[in-house]
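In what follows, a single structure is set out as C-alpha cells and then discussed.
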Amino acid sequence: MAEPGRDPGAEAREALDRLLLGGPRRYTRLQICELTGMPPERTRRLWRALGFADSADDDPAYSDADVAALGVLSQLIDSGFVGLETEATIARAMGQSLSRLADWQTDMLADVLAGSAAERGREPTPEETVGAARTLLPLLRGIQDYVWRRHLAANADRLLAAAGGEDRRELAVGFADLVDYTSRSRGMGGRELGAMVEDFESTAAEVIARHSGRVVKTIGDGVLFTAASPVDAAEIALDLPDEWEAEDRPLLRVGAAYGTVLTHLGDVYSPVVNLASRLTSVARPSTVLIDRELARRLRGVPAYRVRPLRRVSVRGYDDLQPWRLRRRPAGEEDNAFEGMLDEMADEVLAREDDESGE
C-alpha cells in the first residue's frame, strides 16, 4: 500500500526497477565509473551505443545491475573475446535489436492491462500494473532466452566454420517491398497501420523460415532476407507475394540477387545487397526480378521460368539486365514457343558472360 501523501506511481516505478534491474537506481554515472574502473568517456560511449539517453553527473540513474553488466563487459574485453575497437559496435547491435524487442513486450503488457481494464470497467492501479509485469516478464525472459539459444544452435555450422567475427559467404539476398505503402499509410489510424505491419512481418517471417532463409531486418514497408541456396531464395521470392496478397492489402514486389556477401553482427554487406534493392525498385507489383547470377543458377531448374527483360538504368547501374522469375505452371508441357524463349534466355546469359569476361 502506498505511503500517505506519496505518489502511487512513484512506488510502482520503484517496484518495476526492482523487478527489472534487481534493485533501485542508486549510482550516478561518475560513481559507476569508479566502481567499474572504466573512464567516464568510455561508459558514456557504451551507454549511448546501447541506445540510452545521457544522464546528469549527479543523477542516480544506475543500479547494481548496471555496475555488474559493465563488469562483465570488462571481463569479455580482458578475455580477448571483445576488442576495445569493437565494443561500441557490438553494444549498438545488441541495443538496437533488444530495444525493438522491449518495445514489443511493453505493448504486450499494455494490451494485457487494457483487457483487464475493460473487464473491470476502470483503469488498472499501479499495484495491478506491477503485478501483471511480475507475472508476464519472467515468462517472456524465459522464452527469449530459449529462442536466443535455439538461434545459436541453428547457426552452429556457420559459427564453427567462421574464422572470425566477419564471414564471407555465397548467399542469395532478397528484398520484399510493399507497393504504395506511404500513400496507403497516410489514411490509416495507428492501430490499423500497426496491424498491417504486424501481418506483413509475420507472413514474411513464416515464408522465409519455411524455406530455410533468414530475416536480416524489417523496415516497416519491406523485409531484407538471405538464403543459402538459389532454390530456397526462389521459393521465398515467389511465395511471399502470393501468400501476402489480399483485397485490402497493398501488393508486394520482390528483387533478389546472388553472390559473395559479408555478414557482420547480424547484418549483410555487399554490392549484391544493393543490386537486390535496385531490382526491387523496378519490379512491377506482384512480380519477382532477379539478377544474372541467380538467373543462371535457376535457369536449368524445371520448376521455374526465367526470362530476360528490357535493360534499365537505375542508381549505381547504368545498364542493368533484370530477369523475371515465375513458376512453371503445373502440368505445362514443353512446347516450341517456350523452347524458343529458353534458347533466347541462354543466349542472353552467354552474351552477358562474354561482356563481363566470365
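Worth saying up front: this structure is predicted, and the values here are computed from it rather than measured.
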Practice problem: Report the C-alpha distance between L70 and V72 in whole Å, list the side-chain angles of each, state the deciding distance to 0.1 Å, and finish with yes or no for side-chain contact (heavy atoms from CB on, under 4.5 Å). | Solution: CA-CA 5 Å; L70 288 172; V72 171; over 6 Å; no
Exercise. Quick one: do L325 and L238 satisfy side-chain contact (heavy atoms from CB on, under 4.5 Å)? Show the steps, please.
Key: CA-CA 8 Å; L325 173 67; L238 292 167; 4.2 Å; yes
Practice problem: Apply the test side-chain contact (heavy atoms from CB on, under 4.5 Å) to residues V268 and L262: give CA-CA distance (whole Å), side-chain angles for both, the deciding distance (0.1 Å), then the verdict. | Solution: CA-CA 6 Å; V268 291; L262 171 66; over 6 Å; no
Quiz item: Going through the checks in order, is the side-chain contact (heavy atoms from CB on, under 4.5 Å) test met by Y304 and R326?
Solution: CA-CA 6 Å; Y304 310 119; R326 61 182 179 86; over 6 Å; no
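Closest approach of V215 and A205 over heavy atoms only: CG2-CA, 4.2 Å. Residues W244 and L252 approach most closely at CD1-CB, 3.9 Å, considering heavy atoms. The minimum heavy-atom distance between A257 and D291, with the atom names listed, is CA-OD1, 3.2 Å. Taking both residues in full, the closest heavy atoms of V306 and A345 are given as O-CB, 3.8 Å, listed atom of the first, atom of the second, then distance. In plain terms, the two heavy atoms of A233 and A172 that are nearest each other are CB-CB, 3.4 Å.
A donor-acceptor pair under 3.5 Å links the side-chain atoms of T43 to the main chain of P40, judged by distance alone.
Taking the six-membered ring for Trp and thresholds of 30 and 60 degrees, F52 and W47 have ring planes inclined between 30 and 60 degrees apart.
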Table please: side-chain donor-acceptor pairs of residues 134-144 below 3.5 Å, with sequence neighbours left out.
from, atom 1, to, atom 2, distance (Å)
T135, OG1, G131, O, 3.2
Q144, OE1, Q105, NE2, 3.0

Enumerate, atom names and distances included, each donor-acceptor pair closer than 3.5 Å involving a side-chain atom of residues 273-281, sequence neighbours excluded.
from, atom 1, to, atom 2, distance (Å)
R278, NE, R315, O, 2.8
T280, OG1, G255, N, 3.1
T280, OG1, A276, O, 2.8
S281, OG, R278, O, 2.6

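Remark: of the listed residues L309, L294, V254, L320, L309 is the sole one forming a side chain to side chain contact (heavy atoms under 4.5 Å, CB included) with L289.
Around CE of M38, the count of heavy atoms belonging to other residues, nucleotides or ligands within 6.0 Å exceeds 12. Within 6.0 Å of CZ on R284 lie no more than 12 heavy atoms contributed by other residues, nucleotides or ligands. Atom CG of D180 is surrounded by 12 or fewer heavy atoms from other residues, nucleotides or ligands within 6.0 Å.
For R122, the side chain to side chain donor-acceptor pair (under 3.5 Å) partners at least two apart in sequence or on another chain are E128. In this view, E170 and T260 satisfy the side chain to side chain donor-acceptor pair (under 3.5 Å) rule, not counting sequence neighbours. Applying the side chain to side chain donor-acceptor pair (under 3.5 Å) criterion to R25, with sequence neighbours excluded, gives D17. D221 pairs by the side chain to side chain donor-acceptor pair (under 3.5 Å) definition with nothing, not counting sequence neighbours.
Looking at T263 and Y269, their side chains never bring a donor and an acceptor atom within 3.5 Å of each other. Counting only N and O atoms by type, the side chains of T218 and R100 include a donor and acceptor under 3.5 Å apart.
R168 places none of its side-chain heavy atoms less than 4.5 Å from the side chain of V261. Residues W323 and R307 are not in side-chain contact: their nearest non-hydrogen atoms beyond the backbone lie 4.5 Å or more apart. Between F200 and L178, the closest side-chain pair of non-hydrogen atoms falls below 4.5 Å. Under the 4.5 Å side-chain criterion, counting only non-hydrogen atoms from C-beta, D54 is in contact with R48.
A salt bridge is absent between E245 and R249; no separation between the charged side-chain nitrogens and carboxylate oxygens falls under 4.0 Å. Taking the charged nitrogens against the carboxylate oxygens, R29 and D66 have no contact shorter than 4.0 Å, which rules out a salt bridge. We find that R45 and E41 are not joined by a salt bridge, their nearest charged nitrogen and carboxylate oxygen being 4.0 Å or further apart.
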